[in-house]
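See below for the structure under consideration.
Numbers for residues simply follow the sequence, beginning at 1. Since the model is a prediction, treat every value here as computed from it, not as a measurement.
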Amino acid sequence: MHEPPVMACDVEVLQNEPDVLTVCKPASVPVHPCGQYRKNTVLGILQAEYGLAPLYPIHRLDRLVSGLLIMAKNPAKADSFRQHIEAGLVQKQYVAKVVGVFLDAEVGISNGDTTLKGKAACTKFTRISTNGIHSIVLCEPVTGRTHQIRVHLQCTGHPIANDMLYLSDDVVNRSTLGTTADRAAALSGGSPETSCESHKEEYKYCSEDFSIDPMCTHCPNLAPNGYDGHEEGLWLHCVRYTGPEWVYECPYPDWASLT
């Protein structure tokens, strides 16, 4: 079965406990099978390379987002995590690399400033460092709406520096940008893919990187539009989840250092 390509990054196991597994999810790899993805997923890779199955992810990370992913090893532990999350007992932390010099003070964005699909949303931001061009920002979402951190950073005037969807034309022209899978959708005015359920990327064949099986009707449509072998993930990374009497963490990514 053919699948769209993902970045050649390992799924690093962080902690392997009797009831819990934590990994560092690489960008571009979906958490679970969806759309055209089956084996090129975190769950598929962990089963194939480590023999770890079944696993129950207790939270989601969008395909382009990297960082901490927590999975229960049995339904009872998954249900315990679920109860903590639904009771509001879990705190989440991400880091993002944004455009410009972020304010040197805690900033809160709530549904008073913007709404996400009509639902309340709140995120707290704190600047970690800046080099005058970009800033590394700690992001603490109080709620968990789709695109929440990305939208709220845009509202502060400091969008994620390689997020082609939420960069204005003015910011794009004066920023140092990476290449993301959002690029083609943003430039064409289409919708980006951030969760597999909303995956609407266009695909095209690139003869330099892929070969065609004449018996397969999917081969010409495998490579994501704009994929040139140098795709990088969104500069948004999950670093920490904290709950009642438990804490799980993930190392910071290389791009979080501005030195």
Side-chain angles (χ1 to χ4, degrees), residues 1-16 20-53 55-71 92-98 134 136 139 149-150 160-165 176-185 192-196 198-199 201 203 206 208-210 222-241 248-259:
M1 180 175 180
H2 290 297
E3 297 187 28
V6 297
M7 295 169 62
C9 301
D10 292 333
V11 177
E12 179 185 356
V13 174
L14 301 173
Q15 291 178 270
N16 191 352
V20 180
L21 179 78
T22 66
V23 302
C24 184
K25 172 193 170 305
S28 86
V29 181
V31 172
H32 49 69
C34 56
Q36 289 184 279
Y37 294 95
R38 288 295 179 270
K39 298 298 184 181
N40 283 346
T41 65
V42 173
L43 294 184
I45 291 169
L46 289 172
Q47 181 174 9
E49 297 188 1
Y50 298 95
L52 293 168
L55 295 171
Y56 306 87
I58 65 108
H59 64 105
R60 285 177 47 192
L61 292 178
D62 292 338
R63 189 177 70 85
L64 294 181
V65 177
S66 59
L68 176 67
L69 183 65
I70 306 171
M71 290 166 283
K92 301 164 280 187
Q93 293 183 339
Y94 293 71
V95 290
K97 183 176 181 178
V98 305
H134 295 120
I136 302 301
C139 313
I149 294 175
R150 298 167 72 178
I160 295 172
N162 69 343
D163 190 343
M164 296 302 294
L165 178 65
T176 302
L177 301 178
T179 304
T180 75
D182 276 342
R183 184 170 195 158
E193 182 275 330
T194 54
S195 65
C196 288
S198 62
H199 181 55
E201 282 180 348
Y203 294 89
C206 177
E208 182 178 343
D209 298 323
F210 303 95
L222 284 179
N225 190 15
Y227 184 86
D228 59 4
H230 303 288
E231 180 186 46
E232 67 178 358
L234 195 66
W235 285 336
L236 180 63
H237 184 87
C238 182
V239 294
R240 182 183 174 102
Y241 262 62
Y248 293 106
E249 296 181 301
C250 183
Y252 277 45
D254 292 340
W255 51 254
S257 174
L258 296 178
T259 58

message: For a side-chain contact (heavy atoms from CB on, under 4.5 Å) check, start with the C-alpha distance between Val31 and Met71, then their side-chain angles and the critical distance, and finish with the verdict.
response: CA-CA 10 Å; Val31 172; Met71 290 166 283; 5.8 Å; no
- request: Determine, step by step, whether Val13 and Leu46 satisfy the side-chain contact (heavy atoms from CB on, under 4.5 Å) criterion, reporting the C-alpha distance in whole Å, the side-chain angles of both residues, the deciding distance to 0.1 Å, and the verdict.
  value: CA-CA 9 Å; Val13 174; Leu46 289 172; 4.3 Å; yes
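Remark: Glu249 engages Arg240 in a salt bridge (Lys or Arg N to Asp or Glu O under 4.0 Å) (not counting sequence neighbours). Tyr94 is linked by a ring-ring contact (aromatic ring centres under 6.0 Å, His included) to nothing, counting only residues two or more places apart in sequence or in another chain.
Scanning both residues, Trp255 and Leu236, for their nearest heavy atoms gives CZ2-N, 3.5 Å. Closest of all the heavy-atom pairs between Leu14 and Pro251 is CD2-CD, 4.0 Å. In terms of heavy-atom proximity, Pro253 sits nearest to Val95 at CD-CG2, 4.1 Å. Counting all heavy atoms, side chain and backbone alike, Gly233 lies closest to Ala27 at CA-CB, 3.4 Å. Shortest non-hydrogen contact noted between Tyr248 and Leu68 is O-CD2, 3.3 Å. Taking every heavy atom of both residues into account, Ile136 and Ala256 meet most closely at CG1-O, 3.3 Å.
For the atom pair SG (Cys238) and CD1 (Ile70), the distance works out to 7.0 Å, reported to the nearest 0.5 Å. The line from NZ of Lys97 to CD1 of Ile160 is 12.0 Å long, rounded to the nearest 0.5 Å. Note that CG of Asn162 and CG of Leu64 are 9.0 Å apart. Values are rounded to the nearest 0.5 Å. Here the CG-CG distance, from Asp62 to Leu234, works out to 8.5 Å after rounding to the nearest 0.5 Å. How far CD of Gln15 is from OG1 of Thr22: 4.5 Å, rounded to the nearest 0.5 Å. We find the CD1-CD distance between Ile45 and Gln47 to be 11.5 Å, quoted to the nearest 0.5 Å.
A distance-only check finds no donor-acceptor pair linking the side chain of Asn40 to the backbone of Val29 [under 3.5 Å]. Formation of a donor-acceptor pair under 3.5 Å by the Ser66 side chain with backbone atoms of His237 is not found in this model. When atom types are taken as modelled, the side chain of Lys25 and the backbone of Arg63 share a donor-acceptor pair closer than 3.5 angstrom.
The side-chain heavy atoms of Pro26 and Val11, taken from C-beta on, include a pair separated by under 4.5 Å.
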